[in-house]
2 protein chains.
Amino acid sequence: MSTKESDVKAPRKRLSAENREQKILEEAIKFFAEKGFSGQTRELASRLGISQPLLYRYFPTKRDLIENVFEEVYMNRVNPEWLTTIKNRERSLEDRLIEFYRSYAEATYRYEWIRVYMFSALMGEELNRRYINLVEKELLTPICLELRAYCGLTRDEPVSQAELDHIWVLHGGLFYYAIRKHIYHGPVSEDFSTVMSSAVTAMLRGTKVISGKL
Amino acid sequence: MSTKESDVKAPRKRLSAENREQKILEEAIKFFAEKGFSGQTRELASRLGISQPLLYRYFPTKRDLIENVFEEVYMNRVNPEWLTTIKNRERSLEDRLIEFYRSYAEATYRYEWIRVYMFSALMGEELNRRYINLVEKELLTPICLELRAYCGLTRDEPVSQAELDHIWVLHGGLFYYAIRKHIYHGPVSEDFSTVMSSAVTAMLRGTKVISGKL
DNA sequence: TACCTAGTTTATCAGATGATAAATAAAACC
DNA sequence: GGTTTTATTTATCATCTGATAAACTAGGTA
């Protein structure tokens with residue numbers, strides 16, 4: 001069987017610069033998500049079936065590659081429709097939050113995303129803090145305002161840190177489902193939707209009950 | 001100024017083996033919590049003001065040192081009083097959970113703990129999974145049983161994954177406060193107690209309201 | 001004071017790791 | 001087919017990094 005792959009010198013396929021760069025970036029996301037950013041360029045190259053120096057043709061430094069990974073993971077992650085959904089008072093807040101979290105989870109509760117996100121956070125990456133601020137301003141603050149209306153409150157003051165923290169418990173609790181799944185590799189029920197809608201509903205109803213104290 | 005520290009040879013203090021080992025372990029926890037476990041032994045030694053090979057007198061390998069850090073962080077972290085508090089039906093479940101989480105947060109929501117915990121989880125450490133199982137069996141399952149009683153349910157079946165996931169949203173949501181503080185370094189209100197008791201109360205009341213559907 | 005024990009340092013190794021330069025060869029062009 | 005272009009590889013460097021061995025010395029003991 002002289003035609004077996006293992007017998008023949010690898011045919012060394014060539015890709016266009018654009019395609020190769022794309023493939024490297026894709027694999028780098030998977031690789032760093034798994035190993036963290038101290039993962040080695042040689043192992044990444046080996047997974048790609050290319051030589052290690054080839055990486056440096058497309059990304060001048062490892063840090064440069066990592067920053068491209070960040071960009072891919074952090075950018076365009078806030079869907080403008082989310083805000084529309086949240087603010088749409090023609091539907092119940094319960095419905096809106098359930099739809100929002102279904103879509104949000106679909107976009108972000110993924111193996112690569114969750115892990116790259118947590119690794120970069122632990123590294124103290126600026127991009128991570130910017131993302132947190134974005135979430136707080138563009139998603140959680142609007143939710144707080146809807147929650148006030150839901151509870152029949154008519155405050156005019158800006159949303160307080162305490163209010164934000166309250167909604168962060170829900171937001172983080174749902175995110176924690178993804179952490180348990182992709183970081184702890186613990187047992188989680190397959191049906192996130194059900195878990196999520198129970199949590200959203202319980203939190204809303206419970207918050208309304210105690211809203212006098214908030 | 002010939003007496004300045006920088007001019008004089010370091011006086012080279014000697015510690016007993018026991019004390020030195022203790023100091024190394026303490027600093028290693030801080031160091032790895034900050035830098036992750038790919039932090040380098042030379043930098044750790046430098047922080048301790050000792051030479052790098054001295055580490056190897058007390059810990060034969062870096063991995064050995066890391067495992068001692070794990071042990072320090074993971075062991076004796078489950079206080080038996082917590083279970084007592086949770087099960088004590090002479091108090092309202094609300095009170096019990098608030099007391100439990102106050103104590104639990106005090107024990108675990110610390111910079112070193114949270115970060116070592118997350119780093120080790122990302123590394124896929126066995127010890128992490130064991131800890132998660134312990135939490136689920138010894139703390140969350142009992143809470144689920146109390147929650148059934150609180151909601152007036154009289155089931156006999158074992159606690160389902162869906163029930164666990166529901167309480168995980170609260171548990172994870174509160175834990176997420178510590179993640180935001182120590183990993184994201186984002187803004188959080190100083191008063192965790194207030195945030196926590198609101199969340200606990202809202203979740204309990206809300207869950208009771210929707211308990212027919214669970 | 002001289003000696004000994006053991007905590008600590010200096011010097012160094014071997015392999016790992018990010019990065020570079022030159023050689024090679026597949027595909028495109030004329 | 002011969003030439004050019006450029007994707008890719010081989011060989012290699014400099015530094016980093018975990019680890020080891022031998023030399024050194026502070027402090028206790030006879």
Side-chain angles (χ1 to χ4, degrees), chain A residues 3 5-32 34-70 119-120 123 125, chain B residues 5-70 119-120 123 125:
Chain A
T3 54
E5 278 182 17
S6 49
D7 291 339
V8 184
K9 267 269 160 67
R12 199 193 283 187
K13 275 186 201 164
R14 299 175 89 142
L15 298 181
S16 70
E18 199 182 5
N19 282 348
R20 180 61 77 194
E21 185 172 328
Q22 177 67 19
K23 288 224 173 206
I24 290 176
L25 190 50
E26 268 172 35
E27 193 69 35
I29 291 171
K30 284 189 211 167
F31 177 70
F32 288 130
E34 189 183 323
K35 299 273 183 171
F37 294 98
S38 49
Q40 296 130 24
T41 56
R42 275 170 178 78
E43 191 181 340
L44 170 58
S46 149
R47 289 194 186 193
L48 279 156
I50 63 175
S51 67
Q52 179 249 6
L54 189 56
L55 297 173
Y56 289 83
R57 176 162 182 98
Y58 298 96
F59 302 93
T61 65
K62 185 183 177 183
R63 176 71 200 177
D64 195 76
L65 176 55
I66 288 173
E67 261 157 23
N68 273 274
V69 170
F70 286 157
F119 275 120
S120 70
M123 287 163 69
E125 285 297 326
Chain B
E5 278 183 17
S6 49
D7 290 338
V8 183
K9 265 266 156 70
R12 199 192 282 185
K13 275 186 203 165
R14 297 174 90 136
L15 298 180
S16 70
E18 201 182 3
N19 281 347
R20 180 61 77 194
E21 185 172 329
Q22 177 67 21
K23 287 225 172 204
I24 290 176
L25 190 51
E26 268 172 33
E27 193 68 36
I29 292 172
K30 284 190 212 166
F31 177 69
F32 288 130
E34 188 184 325
K35 299 274 183 169
F37 294 99
S38 49
Q40 296 129 25
T41 56
R42 274 171 180 78
E43 191 181 340
L44 171 57
S46 149
R47 289 194 185 193
L48 279 156
I50 62 176
S51 68
Q52 179 247 6
L54 189 55
L55 297 174
Y56 288 83
R57 177 162 182 96
Y58 298 96
F59 302 93
T61 66
K62 184 184 177 181
R63 176 71 201 178
D64 195 76
L65 176 56
I66 289 173
E67 261 156 23
N68 273 274
V69 170
F70 285 158
F119 276 121
S120 70
M123 287 163 69
E125 285 296 324

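Just so we're on the same page: letters track the sequence lines, and every chain starts at 1.
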Starting from [atom2] on [N], measure out to [atom1] on [X] and report it in whole angstrom.
X	N	atom1	atom2	result
Arg14(A)	dT9(D)	CZ	P	10 Å
Leu65(A)	dA19(C)	CG	C1'	14 Å
Arg20(B)	dG27(D)	CZ	P	12 Å
Gln40(B)	dA19(D)	CD	P	13 Å
Arg63(B)	dA19(D)	CZ	P	12 Å
Lys23(A)	dA7(D)	NZ	C1'	15 Å
Glu21(A)	dT8(D)	CD	P	12 Å

Is there any protein nitrogen or oxygen under 3.5 Å from a nitrogen or oxygen in nucleotides 28-30 of chain C, and what are the pairs?
none

What closest approach, in Å, do Ala45(B) and Gln52(B) show between heavy atoms, and which atom pair accounts for it? CB-CA, 3.5 Å

On a heavy-atom basis, the closest approach of Glu43(A) and Phe31(A) is CD-CE1, 3.7 Å

Please walk me through it: do Phe37(A) and Phe70(A) pass ring pair (Phe, Tyr, Trp, His ring centres under 6.0 Å)? CA-CA 11 Å; Phe37(A) 294 98; Phe70(A) 286 157; 5.1 Å; yes

Considering only heavy atoms from C-beta outward, does the side chain of [X] approach that of [Y] to under 4.5 Å?
X	Y	answer
Leu48(B)	Leu54(B)	no
Ile24(A)	Ile50(A)	yes
Arg20(B)	Arg57(B)	no

Determine the contact category for Tyr58(A): base if any of its heavy atoms lies under 4.0 Å from a base atom, sugar-phosphate if only primed atoms, P, OP1 or OP2 are that close, otherwise nothing. sugar-phosphate

What is the nucleic acid contact for Ser16(A), judged by heavy atoms within less than 4.0 Å: base, sugar-phosphate only, or nothing? nothing

Of the options dT8(C), dG18(D), dT17(C), whose atoms approach the side-chain atoms of Lys62(B) most closely? dG18(D)

Using a cut-off of strictly less than 4.0 Å between a heavy atom of the residue and any atom of DNA chain C, enumerate the qualifying residues of residues 28-39 of chain B by number. none

Residues touching DNA chain C, which here means a heavy atom under 4.0 Å, drawn from residues 41-57 of chain A: Thr41(A), Arg42(A), Gln52(A), Pro53(A), Tyr56(A)

Any Lys/Arg nitrogen of Lys30(A) or Glu26(A) sitting under 4.0 Å from an Asp/Glu carboxylate oxygen of the other? no

Partners passing ring-ring contact (aromatic ring centres under 6.0 Å, His included) against Phe119(A) (at least two apart in sequence or in another chain): none

Just to verify, what does Gln40(A) make a side chain to side chain donor-acceptor pair (under 3.5 Å) with, not counting sequence neighbours? none

Please list, chain by chain and in numerical order, all residues satisfying side chain to side chain contact (heavy atoms under 4.5 Å, CB included) with Thr61(B), sequence neighbours excluded. Arg63(B), Asp64(B)

Please assess Leu44(A) against Leu65(A) for the test side chain to side chain contact (heavy atoms under 4.5 Å, CB included), listing each intermediate value before the final yes or no. CA-CA 11 Å; Leu44(A) 170 58; Leu65(A) 176 55; 3.6 Å; yes

